**Q** 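Here's a structure for you.
Fair warning: this is a prediction, and the values are worked out from it, not measured in the lab.
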Amino acid sequence: MDTAAETERVRRILDKQASGYDRQISFFERVLFAGGREWVCSQARGKVLELACGTARNLRFYRREVELTCIELSPEMLAIGQRRAEQLSRQADLRVGDAQRLEFPDASFDTVTCTLGFCTIPDTRRAAAEAFRVLRPGGQLLMLEHVRSPARPVRAGQRLLEPLAVRFEADHLLREPLDYLPSVGFEIEIVERSKWGIVERLLARRPS
């Protein structure tokens with residue numbers, strides 16, 4: 001895979017989706033992901049980096065005392081997120097950025113978060129390695145994702161839909177963070193599955 005070309009394709013798709021994203025994702029939040037954003041953000045501590053923040057729907061769930069930086073590949077998504085931050089009077093550093101190539105020094109953050117973002121990142125292992133790099137020893141990675149179901153009939157349906165989802169939405173339905181997080185050094189502490197195994201909440205840690 002040409003990662004640079006695929007990253008640019010994902011950027012174009014996200015820019016195109018931006019104006020309707022909040023309306024679309026709110027439906028899936030009710031049906032599949034209820035409470036997931038709150039679960040991730042309420043556990044974030046210290047200096048926090050959010051990857052693939054989209055339209056910054058997570059902002060209202062973070063504790064006020066965290067120091068928050070959010071990156072997003074799509075400028076159109078980020079513009080909506082910046083307006084949301086202003087409406088919420090929420091202090092946060094929102095910037096365009098690529099999770100596969102983070103522009104931060106090693107060991108810069110206490111927490112890295114990502115909600116429904118790794119499904120569109122072209123090189124998940126590289127993004128995971130970057131998250132590991134910028135975390136301080138003992139730092140935590142908190143994720144909410146839709147993943148490959150362990151239930152064979154559900155997984156068969158995902159496999160059928162995967163080519164169309166990837167082509168038109170840049171959305172990979174068969175990914176599983178447990179496939180790549182340990183390989184870059186993370187220790188998995190919590191994994192919670194729901195909705196036929198499609199929805200996963202995860203806490204991993206960079207060893208001290």
Side-chain angles (χ1 to χ4, degrees), residues 1-15 18 37 40-41 43-59 61-63 66-82 84-85 90-145 170-172 175-189 200 202-208:
M1 178 183 66
D2 184 337
T3 302
E6 179 62 11
T7 300
E8 187 54 39
R9 187 183 80 90
V10 171
R11 189 196 312 272
R12 291 195 301 269
I13 289 172
L14 294 175
D15 278 345
R37 294 183 186 277
V40 166
C41 299
Q43 298 182 77
R45 298 289 187 274
K47 194 172 181 182
V48 179
L49 173 64
E50 180 175 341
L51 306 177
C53 69
T55 61
R57 292 181 68 83
N58 289 335
L59 282 182
F61 300 121
Y62 285 105
R63 297 169 182 263
V66 304
E67 182 182 343
L68 186 58
T69 301
C70 307
I71 68 161
E72 168 54 43
L73 185 67
S74 161
E76 297 296 325
M77 289 273 196
L78 192 68
I80 296 171
Q82 288 167 334
R84 175 168 278 123
R90 173 72 210 212
Q91 290 276 336
D93 178 2
L94 275 69
R95 59 174 80 178
V96 172
D98 182 354
Q100 302 162 121
R101 298 179 183 277
L102 296 176
E103 297 178 347
F104 304 103
D106 296 355
S108 299
F109 295 94
D110 303 295
T111 304
V112 173
T113 66
C114 189
T115 60
L116 309 175
F118 269 78
C119 51
T120 61
I121 295 172
D123 190 336
T124 52
R125 192 181 186 283
R126 180 186 293 180
E130 281 289 271
F132 187 89
R133 179 182 66 79
V134 301
L135 273 173
R136 293 168 179 152
Q140 59 181 351
L141 171 67
L142 292 154
M143 295 176 66
L144 168 71
E145 278 297 340
D171 190 7
H172 294 258
R175 288 181 172 175
E176 167 53 72
L178 297 177
D179 291 343
Y180 52 81
L181 292 180
S183 69
V184 302
F186 279 108
E187 294 179 350
I188 310 300
E189 293 191 358
E200 185 169 280
L202 182 148
L203 188 156
R205 196 172 298 278
R206 176 173 175 168
S208 299

**Q** For Arg125, check salt bridge (Lys or Arg N to Asp or Glu O under 4.0 Å) against everything at least two apart and list the hits.
**A** none
**Q** Given side chains that start at C-beta, do those of Cys53 and Met77 come closer than 4.5 Å, heavy atoms only?
**A** no
**Q** Ile71 versus Phe104: any side-chain heavy-atom pair under 4.5 Å?
**A** yes
**Q** With a 4.5 Å cut-off on side-chain heavy atoms, are Pro122 and Val10 touching?
**A** yes
**Q** Considering non-hydrogen atoms only, spot the tightest contact between Leu142 and Ala44 and give its length.
**A** CD1-N, 3.8 Å
**Q** My understanding is that only residues two or more places apart in sequence, or in another chain, count here; which of them pass salt bridge (Lys or Arg N to Asp or Glu O under 4.0 Å) with Arg37?
**A** Glu29
**Q** Which residues pass the salt bridge (Lys or Arg N to Asp or Glu O under 4.0 Å) test with Asp171, not counting sequence neighbours?
**A** none
**Q** Can you tell me how far CD of Glu189 sits from CG of Leu202, rounded to the nearest 0.5 angstrom?
**A** 10.0 Å
**Q** Provide the closest heavy-atom pair for Leu141 versus Leu135 in the form atom of the first, atom of the second, distance.
**A** N-CD1, 4.2 Å
**Q** Who are the side chain to side chain donor-acceptor pair (under 3.5 Å) partners of Arg136, not counting sequence neighbours?
**A** Asp110
**Q** With sequence neighbours excluded, what pairs up with Glu145 under the salt bridge (Lys or Arg N to Asp or Glu O under 4.0 Å) test?
**A** none
**Q** With a 3.5 Å cut-off and no angle check, do the side chains of Asn58 and Thr115 form a donor-acceptor pair?
**A** yes
**Q** Taking atom types as modelled, is there a side-chain donor on Thr3 or Gln100 under 3.5 Å from an acceptor on the other?
**A** no
**Q** May I ask you to test the Leu102-Leu49 pair for a side-chain heavy-atom distance under 4.5 Å?
**A** yes
**Q** Using the test side chain to side chain contact (heavy atoms under 4.5 Å, CB included), find all partners of Ala85 that sit at least two apart in sequence or belong to another chain.
**A** Leu59
**Q** Parallel under 30°, tilted from 30 to 60°, perpendicular over 60°: which one fits the rings of Phe186 and Phe132?
**A** perpendicular
**Q** Is Arg95 close to Thr69 at the side-chain level, that is, under 4.5 Å between some pair of heavy atoms?
**A** yes
**Q** For the CD atom of Glu103 and the OG atom of Ser108, what is their distance to the nearest 0.5 Å?
**A** 12.0 Å
**Q** Taking all non-hydrogen atoms of both residues into account, name the closest pair between Val96 and Arg11 and its distance.
**A** CG1-NH1, 4.4 Å
**Q** Are any of the side-chain heavy atoms of Leu51 and Phe118 separated by less than 4.5 Å?
**A** yes
